There are 2 protein chains.
Amino acid sequence: MSEALGLERVRLLEGLPRQVLDDLRLRCRWRRWAAGQRIIERATPGRDVLLIVEGTVRVGHVTEDGREVTYAEIGPGGVVGELAAIDGGPRSAEVIAATDCRTAALPAEAFRALLLRHPETALRLLESYARIIRLADRRITELSTTGVAARLARELLRRAQRDRAGELAVEPLPTQEQLAGVVGTTRETIGRIMIQLTRNGLVRRRGRRLVLLDRDGLLHLAEPGSEPITEA
Amino acid sequence: MSEALGLERVRLLEGLPRQVLDDLRLRCRWRRWAAGQRIIERATPGRDVLLIVEGTVRVGHVTEDGREVTYAEIGPGGVVGELAAIDGGPRSAEVIAATDCRTAALPAEAFRALLLRHPETALRLLESYARIIRLADRRITELSTTGVAARLARELLRRAQRDRAGELAVEPLPTQEQLAGVVGTTRETIGRIMIQLTRNGLVRRRGRRLVLLDRDGLLHLAEPGSEPITEA
DNA sequence: GCGCGCCTGTAACCTCCGTCACAGCTCACG
DNA sequence: CGTGAGCTGTGACGGAGGTTACAGGCGCGC
């Protein structure tokens, strides 16, 4: 069974002895999901921890009036749904498959037992939480103190990677709607700003690939108190 | 030494055997702080974990252009500064004494050793992080989808407690500036909304005590998509 | 190769809220 | 019981960005 190999990819479980992994495997329920499927529904009582073996999921929240907010995107090797397992609370966010996914569901009790029996794993989890909390705090600060243009510029810089041609690019470029969810604004506003960035020669779009032409310009935009974008 | 009694108050350490506490005590550096003093400075290399034995601190961030954002207020029995101890990163927030405080500083290594040796304590910490992450996510959602009035109404409802007279009140009422830091806006805007709330009979202020007269009205305001505040 | 859905561009409008600039309070402390 | 520092009230003003409403494009599937 090829599935048996999946758990090795989960970063949280790295370093655990083989036999512990084997034991966990027995307790998991495996499942596949198609892109777009809802994996976890908010305000629901489930407690399972989901280990993401293949694919990427989006963790977020849809408000009553239909606006979507994205908290995080989690790729293969990641874990979602542990909050409920840890504190026994209800699901506080939605988890949606961003691509086709394969997951292993571990019951809360098994997860807690694992943490108690293997403190190094608990510490790993604490480390990842430290990162999450830092990111969340930064995002709160950005939302309360900077404008949309600065937030978008930062998000693009964060996602950009240098490719072998030496270009700094975001690829695949999320849709404007998705960026809006991450940056905390509307699709239209993202669109408007993208156009300004393009006109001013800061970026260039080719299909689902966005090249950042002027890193310094974007960095400048990202600073609080920087000038609003000028007309082309 | 009365200080020796302090650590018992720290919630994270509850349940640890006496001798472990005694050992921790030996490793701590005790200190007092006056209200307003800066206890931890952002972007600084310190790694100590601070156990708050007396007083309350405010965790937040001051942006380059001088705006203040408050992430959390932590009272006696709480812990701050553990992020850096856990992941070795720099201080990501400022910690300021909101009142006179007494703290015990525990070196990062001792803290990590504690977590490894006492997994129940690590799990407690994970539980508190679960709560923090949930709160942060909610705040991100609120900041990106609701207006200031709704955010303030929620904040007031969260802080309110029923007193023996049966009144729902926030006491002591933070200054408008502090509320602005928590809610993500400016002092003036808080002031204006407070006046509207008062005029419309939703709240009444007496010095540093704010009585919430109309809980349902505030709840309604707190909903996204609710009407803006009407003129009196 | 032809549609049909999902994306993206564009425009007009209007409101919330940040900014700046003071005046008036209040209360703690000398 | 005065006095000043830190709070709070208020007003004018402008701009960022949310809203609504389409038109056009692009790519995927049939």
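Treat the numbers as computed from the prediction; the structure is a model and nothing was measured. Just so we're on the same page: letters track the sequence lines, and every chain starts at 1.
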N-O pairing of [X] and [Y] below 4.0 Å:
X      : Y      : answer
B:E155 : B:R158 : yes
B:R25  : B:E8   : yes
B:D163 : B:R209 : yes

Give the rounded distance in Å between these two atoms: [atom1] of [X] and [atom2] of [N].
X      : N      : atom1 : atom2 : result
A:L143 : D:dA16 : CG    : P     : 18 Å
B:L179 : C:dC17 : CG    : P     : 16 Å
B:E188 : D:dG9  : CD    : P     : 12 Å
A:I193 : C:dT8  : CD1   : C1'   : 15 Å
A:Q178 : C:dT8  : CD    : C1'   : 14 Å
B:I195 : C:dC25 : CD1   : P     : 13 Å
A:I190 : C:dT8  : CD1   : P     : 11 Å
A:M194 : C:dT10 : CE    : P     : 14 Å

State whether the distance check finds a donor on one side and an acceptor on the other, under 3.5 Å, for side chain [X] versus base [N].
X      : N      : value
B:R187 : D:dG9  : yes
A:R208 : C:dT8  : no
A:R67  : D:dT19 : no

Side-chain N,O ([X]) to OP1/OP2 ([N]) below 4.0 Å:
X      : N      : answer
A:T185 : D:dG17 : no
A:T186 : D:dG18 : yes
B:T189 : C:dG18 : yes
A:Q176 : C:dC6  : no

- prompt: Where the side chain of A:R205 is defined as all heavy atoms beyond and including C-beta, which of C:dT8, C:dT19, D:dG17 is the nearest nucleotide?
  reply: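 Nearest to the side chain of A:R205 among the choices is C:dT8.
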Sub-4.5 Å side-chain heavy-atom contact between A:R159 and A:V182: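 When only atoms from C-beta onward are counted, A:V182 and A:R159 do touch, with a gap below 4.5 Å.
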- prompt: Is there side-chain contact between B:V203 and B:L213, with at least one heavy-atom pair below 4.5 Å?
  reply: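 Result no, sub-4.5 Å side-chain heavy-atom pair not found.
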